[in-house]
Amino acid sequence: MFASVIVDIASSQIDKVFDYIVPESMSLEVGTRVLVPFGKREIEGIVVKISNETNVISHKLKEIIKPLENFPVITNMQMQMAEFLKREYHIGLADSFRLFLPSEMRSGKVKDLTITNLFIEDEIKAKEYLSNLKANATKQKGAILKLLEVGKINQVLLNKEFGQSAVSKLKEEGIIKSACEVVFRKPYKNVILAQNKNIVLTPDQERVASLIKTKPAKYLLFGVTGSGKTEVYINVIKSCIENNKAAIMLVPEISLTPQVLGSFRARFGENVAILHSGLSSGERFDEWKRILLGQAKIVVGARSAIFAPMQNIGAIIIDEEHDGSYVSESHPRYNTLEIAEFLSEKQGASLVLGSATPSLDSYNKAIEGKYCLLELKNRVNAKPLPPLKIVDMAREMREGNPGIFSRALEEAIERTLKEGNQIMLFLNRRGYASFLMCKKCGWVAKCKDCDVSLVYHRAEHALKCHYCGNRYKVFTKCPNCDNENLKEGLLGTQQVVEKLREMFPGVKILRMDNDTTTTKDAHVKILNEFRENRAQILVGTQMIAKGHDFPQVTLVGIIDADVSLHQTTYKATERTFELITQVAGRAGRADKAGEIILQTYAPRHYVYNMAMHYDYTAFYKKEANMREVTSFPPFATIFRILISGENEDDVRNYTKILYTKMQEAQKENKEAFVYLGVMKSPIGRIQNKFRYQILMRIRKAEQSKIKDFIFNMLDENKSQNILAFVEINPQNLS
Ligand code: ADP
Ligand code: ZN
Ligand code: ZN
């Protein structure tokens with residue numbers, strides 16, 4: 001017998017299968033991890049095929065050294081998934097297997113955790129020994145009696161109770177024996193289990209849940225914030241378990257709080273496995289193993305949990321499906337939603353994408369009939385969504401208030417504090433790349449071809465469009481109102497806190513952003529402090545926007561909404577609508593009414609108007625129309641080939657070769673190309689590697705043809721010291 005093996009080599013350029021002889025005495029299955037000779041080394045690999053024949057000349061064949069586990073670690077489903085990843089994203093099999101396995105497992109860095117148990121093998125012998133013991137041998141006596149009573153016990157515990165010398169003596173005498181047992185490390189042992197509320201679904205929730213349970217399909221669950229989507233998920237998962245099926249529940253990394261985990265543990269106990277980056281390597285390994293062995297049928301995790309080795313899946317749920325974290329933007333690059341679609345089809349499972357603000361892409365698929373649209377239009381508590389007030393900051397300035405807070409917001413903070421309620425103030429600082437804006441009329445420098453904010457490049461003192469490479473001179477005055485007061489710096493959370501302290505001395509304020517949450521549990525601690533009402537105001541970045549339930553919060557302030565609006569991505573407007581809706585959803589969740597105040601220099605922008613009325617459908621129509629006209633996703637596909645290497649001349653030449661080929665492809669497929677261009681990347685050098693890019697936008701109908709062309713081109717033009725890879729619809733171009 002022969003086995004084809006994918007070897008685990010760091011360079012993703014190699015994705016070759018090597019054949020080996022399976023020794024007579026060895027039984028092997030596809031998906032097993034094996035140790036094989038490779039050149040002069042021994043290296044790990046995965047068996048992808050077993051057969052009676054090989055094309056390799058027999059004297060060149062070597063034998064497999066040994067299997068590394070006595071069971072396959074890659075499931076049949078994962079094999080198919082790896083093929084899918086290769087086809088869709090050009091990810092090599094070796095890289096896919098790395099995604100599927102706990103990384104620490106490779107080269108044996110993590111092992112099973114074992115404990116030593118003690119027990120009595122021969123009871124008669126033990127009793128005889130006991131009766132012959134001297135009266136003062138109380139410890140040995142005690143140990144034997146204990147073991148006779150409980151059967152087996154952890155060695156550490158017995159040593160502690162009766163002393164190590166007594167226990168050793170009994171072992172020497174052959175009275176007690178020891179045996180090793182593998183135990184699983186359990187993440188979040190100490191999470192507080194939520195009260196297991198006995199919730200009866202509302203008729204609305206019941207309607208959508210029963211459809212999902214009875215008819216496997218792809219669903220977009222569009223439910224306003226507080227409409228009880230989580231209860232629907234739980235109901236669906238419960239039904240999976242009752243039918244002996246498994247379920248995957250994905251949550252954005254940032255919302256994967258101990259509260260969420262606690263509520264799943266409370267309902268499903270040991271059946272839940274948790275997978276995310278915060279686990280120790282041992283915990284991750286054990287959770288993975290519990291899933292593989294079928295001991296945990298529910299996995300809750302961040303995006304990579306989609307790769308868990310699950311079998312017989314009944315439902316895949318993706319909460320906050322619009323969240324950017326579901327797209328992996330570094331190697332290997334993939335879109336979790338597309339993988340979930342593939343997996344649900346293969347498994348005949350229901351796919352549920354939940355959101356209060358579906359991504360334009362998903363909603364578009366619902367309209368095209370690719371997803372079945374389910375709506376929850378009302379909050380469970382029947383409270384209307386809180387009123388949202390828009391404040392024109394340019395006008396504030398004209399009327400003599402140049403400060404961070406508008407008069408309306410200041411007044412509302414004061415009032416809320418007096419009432420004893422809590423406040424959340426939100427400041428998005430995500431757009432590092434600075435845009436140029438007029439402080440008087442709100443005008444922002446945009447690309448004339450792409451309707452995307454231009455990025456100010458300090459080094460070249462120029463404005464550039466990151467989508468087409470267009471270059472513009474820096475404006476010295478506003479072309480709209482002639483004002484010369486153009487701004488480009490950004491306001492920070494720290495400044496906001498300082499100002500608040502000045503204005504409201506004695507009020508306890510918390511800050512949550514990248515700077516205050518560097519340690520592992522910091523953000524949980526801050527949120528708990530706020531939940532327990534030990535502070536009145538929480539100031540934060542997008543970290544505080546998602547999913548958290550604070551019943552005491554009645555006022556939400558969005559300090560500078562424009563920061564999000566003017567991010568230099570084609571998704572800026574969509575992200576802004578999302579953010580406002582999510583942030584607004586934090587106010588008035590319990591029985592108290594809430595209010596939201598949004599500060600902007602562009603009060604008439606349609607995104608604010610539509611967010612104010614919580615009118616997602618109107619927003620969708622407007623935004624979709626814009627994307628269609630300018631040929632952006634989901635109506636076109638953006639491909640970026642990123643080329644990098646240490647020698648700039650090599651990188652430039654290599655880029656030129658690829659670009660010439662793309663130009664030929666363009667000539668043959670004129671219809672397909674909306675745009676094709678080549679340029680230095682916006683960040684021209686990272687870690688001493690020069691970066692160039694070929695950027696294109698392709699009409700949707702033609703995208704799969706062009707994609708295949710690009711993948712083939714890269715396969716046929718490999719270079720030793722240059723790295724080239726493709727990004728599909730990247731959200732950030734840097
Ligand atoms: P969403 O995820 O849609 O924003 P949640 O699932 O967080 O909404 O639900 C909002 C609140 O309503 C939660 O506190 C939840 O416990 C509660 N809730 C949900 N469904 C019900 C129900 N059927 N009966 C009572 N309370 C419910
Ligand atoms: Zn102006
Ligand atoms: Zn442009």
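On a predicted model such as this, the values are computed, not experimentally measured, just so you know. Just so you know, ligand 1 is whichever comes first in the structure, and atom 1 is the first atom listed for that ligand.
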*Check the pair K297 / F268 against side chain to side chain contact (heavy atoms under 4.5 Å, CB included), numbers first and verdict last.*
CA-CA 10 Å; K297 288 218 153 49; F268 300 109; over 6 Å; no
_Qualifying residue for side chain to side chain contact (heavy atoms under 4.5 Å, CB included) with L353, from I317, L374, L250, L337_ = L337
*Going by distance alone, is a donor N or O of one side chain under 3.5 Å from an acceptor N or O of the other, for Q731 and T569?*
no
*Using distance alone, determine whether G228 and ligand 1 share an N or O pair under 3.5 Å.*
yes
*Give yes if a backbone or side-chain nitrogen or oxygen of G223 is under 3.5 Å from a nitrogen or oxygen of ligand 1, and no if not.*
no
*Kindly assign one of parallel, tilted or perpendicular to the pair F100 and F307, based on the angle between their ring planes and the thresholds 30° and 60°.*
tilted
*Output the list of atoms in ligand 1 that are nearer than 4.0 Å to some heavy atom of T225, sorted by atom number.*
4 (O)
*Kindly give the heavy-atom pair with the smallest separation between P633 and N729, and that separation in Å.*
CG-OD1, 3.3 Å
*Over 12 non-hydrogen atoms of neighbours within 6.0 angstrom of NZ in K700*: yes
*asked:* For the residue pair Y326 / E320, report whether a side-chain donor-acceptor contact shorter than 3.5 Å exists.
replied: no
*Number the atoms of ligand 1 from 1 as they appear, then name those within less than 4.0 Å of a heavy atom of V200, with their elements.*
22 (C), 23 (N), 24 (N)
*Looking only at N/O atoms, are V380 and ligand 1 under 3.5 Å apart anywhere?*
no
*Against heavy atoms of V224, which atoms of ligand 1 measure under 4.0 Å?*
3 (O)
*In ligand 1, which numbered atoms sit nearer than 4.0 Å to a non-hydrogen atom of T202?*
23 (N)
*Under 4.0 Å from ligand 1, counting heavy atoms only, is it the side chain of Q205, its backbone, both or neither?*
side chain
*Contacting atoms of ligand 1, where contact means under 4.0 angstrom from a heavy atom of T230*: 2 (O), 5 (P), 6 (O), 7 (O)
